[in-house]
Amino acid sequence: YRRASFVDDLGSMLLSADISRIIIASFSTNFQVAIYSVAVSIVDRLRALIPMEIFRPLATVTFFRRHEETGTIEEVNRMFAFIFAINRIVAVAFLAFFIPLGQEALIWLFRSDYGGSYLPALLLLVTIGIVGMPVGLVAQALSRPQFLVYSKLAVLVQIAVAISLVPAYGAIGMASAVLLSELARHLIVL
């Protein structure tokens with residue numbers, strides 16, 4: 001668990017928004033970094049309202065208790081499917097409001113220049129809602145620390161895609177890299 005936890009912490013740090021900003025700053029303009037930062041800030045605020053984040057302590061206890069009671073993966077899968085479905089419902093509601101009103105809200109809240117953060121924010125919203133799942137929680141509940149290690153192979157996907165897309169597409173390229181790396185991370189665990 002210590003080695004897996006170390007790899008998980010290191011991978012999480014490499015998949016963080018700060019590293020994404022460093023990558024975009026290395027390969028694009030300061031304006032693109034600002035646009036990406038606005039998009040990340042908006043999505044982080046919305047991420048705090050996702051049920052998995054709000055009810056994480058309760059979900060953690062429930063996952064462990066259910067797995068210890070039954071000893072089967074089916075119960076954890078059922079719990080996971082429930083949490084994933086609720087997260088998707090809330091995220092789709094965010095998207096339903098953000099798609100038609102997001103561009104105007106960004107221009108109203110910031111300057112017209114920051115309207116360009118609409119598409120990166122939209123891609124990041126898709127990432128947290130449609131693709132996101134509690135990988136660490138599932139790995140801990142099932143006592144499979146290797147899931148945490150394997151899921152961090154997504155770092156390679158994010159860096160490779162970011163380096164190829166950021167010079168041409170800036171903030172949109174970085175948001176696309178995050179989306180693809182999250183998809184890869186969750187597919188590995190799935």
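One-based numbering along the sequence shown.
No donor-acceptor pair under 3.5 Å is formed between the side chain of Ser28 and the backbone N or O of Ile24. The closest donor-acceptor contact from the side chain of Gln103 to the backbone of Gly115 lies under 3.5 Å.
Ile35 and Pro120 make their closest contact through CG2-CG, 4.3 Å (heavy atoms, listed as atom of the first residue, atom of the second, distance). In terms of heavy-atom proximity, Glu182 sits nearest to Thr127 at CG-CG2, 3.3 Å. Among all heavy-atom pairs drawn from Ala25 and Val33, the shortest one is CA-CG2, 3.5 Å. When all heavy atoms are compared, the tightest approach of Pro51 to Ile86 is CG-CG2, 3.3 Å.
The environment of CZ in Phe31 is crowded: more than 12 heavy-atom neighbours from other residues, nucleotides or ligands sit within 6.0 Å.
Val43 has its side chain out of reach of Val40: every pair of non-hydrogen atoms, C-beta onward, lies at least 4.5 Å apart. Arg47 has its side chain within reach of Asp44: a pair of non-hydrogen atoms, C-beta onward, lies under 4.5 Å apart. In this structure, the side chains of Phe98 and Leu106 come closer than 4.5 Å at one or more pairs of heavy atoms. Looking at Leu123 and Val178, their side chains never come closer than 4.5 Å, going by heavy atoms from C-beta outward. No side-chain heavy atom of Tyr118 sits less than 4.5 Å from a side-chain heavy atom of Ile172.
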| message | Using the rule given for side-chain contact (heavy atoms from CB on, under 4.5 Å), can you reason through Leu46 versus Leu125, listing the C-alpha separation, both sets of side-chain angles and the distance that settles it, and then say yes or no? | response | CA-CA 8 Å; Leu46 292 174; Leu125 273 175; 3.6 Å; yes

| task | Before giving the answer on side-chain contact (heavy atoms from CB on, under 4.5 Å), spell out for Ile42 and Leu124 the whole-Å C-alpha distance, their side-chain angles and the decisive distance to 0.1 Å. | result | CA-CA 9 Å; Ile42 290 166; Leu124 293 171; over 6 Å; no

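Between atom CZ of residue Phe27 and atom CD of residue Gln32 there is a gap of 14.5 Å, rounded to the nearest 0.5 Å. Note that CZ of Arg88 and CD1 of Ile50 are 12.0 Å apart. Values are rounded to the nearest 0.5 Å. With values rounded to the nearest 0.5 angstrom, Tyr36 atom OH is found 12.0 Å from Ser117 atom OG.
Leu101 and Trp108 are members of different hydrophobic clusters when ILVMFWY side chains are connected at heavy-atom separations under 4.5 Å. Note: the hydrophobic cluster containing Val38 does not contain Phe97 (ILVMFWY, side chain heavy atoms under 4.5 Å, direct or indirect links). In this structure, Ile99 is a member of the same hydrophobic cluster as Leu179, with clusters built from ILVMFWY side-chain heavy atoms closer than 4.5 Å.
Applying the salt bridge (charged side-chain N to carboxylate O under 4.0 Å, His left out) test to every pair with at least one member in residues 12-25, sequence neighbours left out, gives these pairs: Asp18-Arg21.
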I'd like a table of donor-acceptor pairs (distance under 3.5 Å, sequence neighbours excluded) in which one partner is a side-chain atom from residues 155-167, with atom names and distances.
| from | atom 1 | to | atom 2 | distance (Å) |
| --- | --- | --- | --- | --- |
| Gln158 | OE1 | Ser181 | OG | 2.9 |
| Gln158 | NE2 | Ser20 | OG | 3.1 |
| Ser164 | OG | Ala160 | O | 3.2 |
| Ser164 | OG | Val161 | O | 2.9 |

